[in-house]
Amino acid sequence: AQSVTQPDIHITVSEGASLELRCNYSYGATPYLFWYVQSPGQGLQLLLKYFSGDTLVQGIKGFEAEFKRSQSSFNLRKPSVHWSDAAEYFCAVGAEGGSYIPTFGRGTSLIVHP
Amino acid sequence: EPEVTQTPSHQVTQMGQEVILRCVPISNHLYFYWYRQILGQKVEFLVSFYNNEISEKSEIFDDQFSVERPDGSNFTLKIRSTKLEDSAMYFCASRNSIGHEKLFFGSGTQLSVL
């Protein structure tokens with residue numbers, strides 16, 4: 001069965017600083033990987049996804065993530081954080097074929113200091 | 001961008017009472033999902049629904065839970081006799097094709113069982 005680990009419950013950064021949110025997955029085959037963001041009072045919004053090809057994927061809002069098979073990781077990065085990036089971030093892994101039901105991590109809460 | 005709408009945003013109920021959580025998926029979507037997130041824990045899959053029947057469900061989705069698409073637009077989750085441990089944020093999601101199209105999530109219903 002697939003699983004996702006987000007080891008950091010909270011991350012605090014200063015506005016303008018760089019950001020990296022960690023995600024490790026467990027899945028027997030090639031995973032489909034996602035990052036979602038949830039701003040306060042909002043639904044989960046897809047930031048980016050990886051299915052195949054280039055292991056560095058670009059997403060919305062200036063985010064990117066890199067798939068590293070050797071480390072079973074899919075870390076989310078942003079070079080310069082804005083105060084509006086404060087939110088909950090969820091990593092998810094999807095199964096190939098079947099009914100496609102993503103499995104989510106517990107989330108990482110990003111706090112941005114001015 | 002089209003939205004998945006969930007009502008109410010907050011629901012408070014007494015233990016043992018029935019609750020119905022409502023969702024209006026995006027109009028041309030065919031696949032519907034319920035997820036939940038207990039505070040501090042992972043976002044967990046509950047059930048998926050397609051062609052007016054459940055396609056998959058998790059261990060969490062026991063006989064106390066049911067889903068329905070009563071009128072072609074709404075998608076409801078019913079908990080027959082709520083327990084304290086049902087307190088969670090419940091997310092509805094939908095998408096329009098099988099494969100790797102993104103899930104559109106609602107903003108969630110926060111259920112508190114007292």
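Residue numbers start from 1 in every chain, and the chains themselves are labelled A, B, ... in the order their sequence lines are given, proteins ahead of strands.
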Should we say atom CD of A/Glu15 is surrounded by more than 12 heavy atoms from elsewhere, each under 6.0 Å from it? yes
Please check if the number of heavy atoms outside B/Glu85 that lie under 6.0 Å from its CD is greater than 12. yes
Nearest 0.5 Å, what's the CZ-CZ distance between A/Phe104 and B/Phe91? 9.0 Å
Under a 4.5 Å heavy-atom cut-off, does chain B meet the side chain of A/Leu44, its backbone, both or neither? both
Does atom CG (B/Asn51) have a neighbourhood of more than 12 heavy atoms from anything else shown, all under 6.0 Å? yes
More than 12 heavy atoms of other groups within 6.0 Å of B/Leu114 CG: yes
For the hydrophobic clusters of this structure (ILVMFWY residues joined by side-chain heavy atoms under 4.5 Å, transitively), does one cluster hold both A/Val4 and A/Leu110? yes
Quick one: what part of B/Gln37 sits under 4.5 Å from any heavy atom of chain A, side chain, backbone, both or neither? side chain
Backbone N/O of A/Thr103 and side chain of B/Lys42: donor-acceptor pair under 3.5 Å: no
Between CZ on residue A/Phe34 and CG on residue B/Leu103, distance to nearest 0.5 Å: 7.5 Å
Tightest non-hydrogen contact, residues A/Phe90 and B/Val43, listed as CE2-CG2, 3.4 Å
Using non-hydrogen atoms and a 4.5 Å limit, figure out which bit of A/Gln38 sits close to chain B: side chain, backbone, both or neither. side chain
Tell me whether B/Tyr33 is reachable from B/Phe61 by hopping between hydrophobic residues (I, L, V, M, F, W, Y) whose side-chain heavy atoms are closer than 4.5 Å. no
